[in-house]
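Following: one structure in structure tokens, then a few remarks.
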Amino acid sequence: MTFTLPNLPYSYDALAPHMSKETLEYHHDKHHQAYVTNGNNAIKGTEFEGKSLEEIVKSSYGKSAAVGVFNNAGQHYNHLHFWNWMKPNGGGNKLPGRLEKKIVEDFGSLDKFKADFAAAGAGQFGSGWAWLQVKNGKLGVSKTPNAENPLIHNATPILGCDVWEHSYYIDYRNRRPDYLKAFLDHLVNWDYVDELFSKAV
């Protein structure tokens with residue numbers, strides 16, 4: 001398969017003031033485009049050509065000869081979902097029933113999940129991601145460096161927040177915890193999380 005950059009599912013200014021038009025233009029049009037371009041170049045003529053994106057991510061991880069393939073495929077996968085994990089007027093505490101029930105069951109409360117997720121994102125040293133994942137039928141929070149995601153740890157990501165600086169520095173400078181709070185309170189597309197949750201279980 002060839003990687004392609006999808007259009008954003010909303011306008012560039014739709015997530016303001018929590019994520020600015022300038023951030024989305026740089027993040028989507030420049031950074032994500034680079035992962036697509038470099039990923040396509042990296043898989044040309046290799047064993048990964050013709051595989052699905054998930055297969056490429058899983059099978060290239062940990063192979064020294066395929067670092068470029070993994071980094072770009074991983075980030076392409078992460079970002080394809082990231083744009084859909086956000087929506088205008090998202091976030092907050094109104095979740096689809098079954099998802100909310102499972103979060104409360106596995107974390108104790110929605111607030112506890114949010115605190116754990118924000119702590120994972122704030123505590124990720126350098127570039128990386130914070131995740132809500134399904135593993136062995138149970139929800140959990142994790143964090144990964146760089147392009148890594150729960151797929152390579154035998155889990156299914158159902159929500160991820162990009163904590164690379166290009167995701168927040170224009171709007172929040174070095175205040176990563178404020179960015180994570182805004183993401184959870186105002187941006188998360190819980191319907192998309194629920195859709196992935198339903199598939200994962």
Side-chain angles (χ1 to χ4, degrees), residues 1 3-4 6 8-10 15 18-19 32 35 39 48 51-62 70 73-124 128-164 167 179-201:
M1 71 172 271
F3 301 166
T4 53
L8 288 174
Y10 31 73
L15 303 182
H18 313 293
M19 190 174 283
H32 192 174
Y35 303 134
F48 306 107
K51 288 185 173 178
S52 75
L53 181 57
E54 286 198 16
E55 283 177 308
I56 295 170
V57 170
K58 288 176 183 174
S59 60
S60 63
Y61 177 66
F70 174 76
Q75 282 291 73
H76 181 46
Y77 175 90
N78 295 349
H79 284 82
L80 284 177
H81 288 292
F82 185 57
W83 310 128
N84 288 294
W85 275 322
M86 298 184 290
K87 70 174 186 179
N89 305 309
N93 296 335
K94 284 194 174 173
L95 278 64
R98 194 166 76 128
L99 175 64
E100 182 173 20
K101 190 176 169 208
K102 184 67 173 161
I103 286 175
V104 171
E105 185 183 306
D106 290 347
F107 290 94
S109 69
L110 182 59
D111 285 344
K112 177 70 166 68
F113 153 68
K114 285 183 170 182
D116 288 358
F117 187 89
Q124 171 54 42
W129 293 75
W131 304 100
L132 173 63
Q133 64 185 33
V134 180
K135 188 169 186 176
N136 302 322
K138 195 170 166 63
L139 292 180
V141 159
S142 65
K143 61 183 177 181
T144 58
N146 302 318
E148 289 183 26
N149 62 49
L151 284 182
I152 59 171
H153 303 293
N154 302 311
T156 305
I158 62 169
L159 175 64
C161 185
D162 187 349
V163 296
W164 287 57
S167 192
Y179 157 68
L180 286 154
K181 181 171 172 22
F183 178 79
L184 290 165
D185 290 348
H186 302 288
L187 294 176
V188 176
N189 181 351
W190 289 116
D191 292 324
Y192 188 66
V193 178
D194 184 54
E195 192 184 308
L196 296 179
F197 169 65
S198 298
K199 286 179 190 167
V201 296

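Just so it is clear, the values below take in all heavy atoms, side chains as well, and ignore hydrogens, waters and symmetry mates. Residues: numbered from 1 along the sequence shown.
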Quiz prompt | Pair D185-K114, side-chain contact (heavy atoms from CB on, under 4.5 Å): steps then yes or no | solution = CA-CA 9 Å; D185 290 348; K114 285 183 170 182; 3.9 Å; yes
Quiz item: If you measure from OH on Y10 to CG on N189, what distance do you get to the nearest 0.5 Å?
Solution: 8.5 Å
Quiz item: When K87 is tested against each of D191, L187, V188 for side-chain contact (heavy atoms from CB on, under 4.5 Å), which residue passes?
Solution: D191
Practice problem: Look up atom CH2 in W190 and atom CG in L184, then write down how far apart they are to the nearest 0.5 Å. | Solution: 6.5 Å
Quiz item: If you look at every heavy atom in A120 and V141, which pair is closest and at what distance?
Solution: CB-CG1, 3.6 Å
Quiz item: About how many Å separate CZ of F117 and NZ of K143, when rounded to the nearest 0.5 Å?
Solution: 13.0 Å
Exercise. Identify the two heavy atoms, one from S109 and one from I103, that lie closest to each other, and give their separation to 0.1 Å.
Key: O-CG2, 4.2 Å
Self-check item: Heavy-atom pair with the smallest gap, counting every atom of H79 and D162
Solution: NE2-OD2, 3.1 Å
Quiz prompt | Residues, nucleotides or ligands: over 12 heavy atoms within 6.0 Å of K112 NZ | solution = no
Quiz item: How far apart are the closest heavy atoms of I158 and W85, and which atoms are they?
Solution: O-NE1, 2.7 Å
Exercise. Calculate, to the nearest 0.5 Å, the distance between atoms CG and CD belonging to N93 and E100 respectively.
Key: 7.5 Å
Quiz item: Any side-chain heavy atom of P88 sitting closer than 4.5 Å to one from L15?
Solution: yes
Quiz item: Would you find a donor on one side and an acceptor on the other, under 3.5 Å apart, between the side chain of W131 and the backbone of T156?
Solution: no
Exercise. Ignoring hydrogens and angles, tell me if any N or O in the side chain of S167 forms a donor-acceptor pair with the backbone of V163 under 3.5 Å.
Key: no
Quiz item: With a cut-off of 6.0 Å (strictly less than), are more than 12 heavy atoms of other residues, nucleotides or ligands near CG of N89?
Solution: no
Quiz prompt | Atom pair NZ (K102) and CG (L95), whose distance is rounded to the nearest 0.5 Å | solution = 14.5 Å
Practice problem: Would you check if L151 and Y61 make a side-chain contact, meaning some heavy-atom pair closer than 4.5 Å? | Solution: no
Exercise. Take the angle between the ring planes of H81 and Y77 and call it parallel below 30°, perpendicular above 60°, tilted in between.
Key: perpendicular
Exercise. May I ask you to test the L80-L53 pair for a side-chain heavy-atom distance under 4.5 Å?
Key: yes
Quiz item: Looking at E148 and W129, what are the two nearest heavy atoms and their distance?
Solution: O-CD1, 4.2 Å
Quiz prompt | Point-to-point distance, once rounded to the nearest 0.5 Å, from CE of M86 to CH2 of W83 | solution = 5.5 Å
Quiz item: What is the ring orientation for H32 with H76, classed by angle as parallel under 30°, tilted 30 to 60°, or perpendicular over 60°?
Solution: tilted
Exercise. Verify, without hydrogens or angle tests, whether D106 (side chain) and L139 (backbone) share a donor-acceptor contact under 3.5 angstrom.
Key: yes
Self-check item: Flag if over 12 foreign heavy atoms under 6.0 Å of NZ, K181
Solution: no
Quiz item: Is there side-chain contact between S142 and H153, with at least one heavy-atom pair below 4.5 Å?
Solution: no
Quiz item: Which of parallel (below 30°), tilted (30 to 60°) and perpendicular (above 60°) describes Y35 and W164?
Solution: perpendicular
Quiz item: Closest heavy-atom contact between V201 and R98?
Solution: CG2-NH2, 3.8 Å
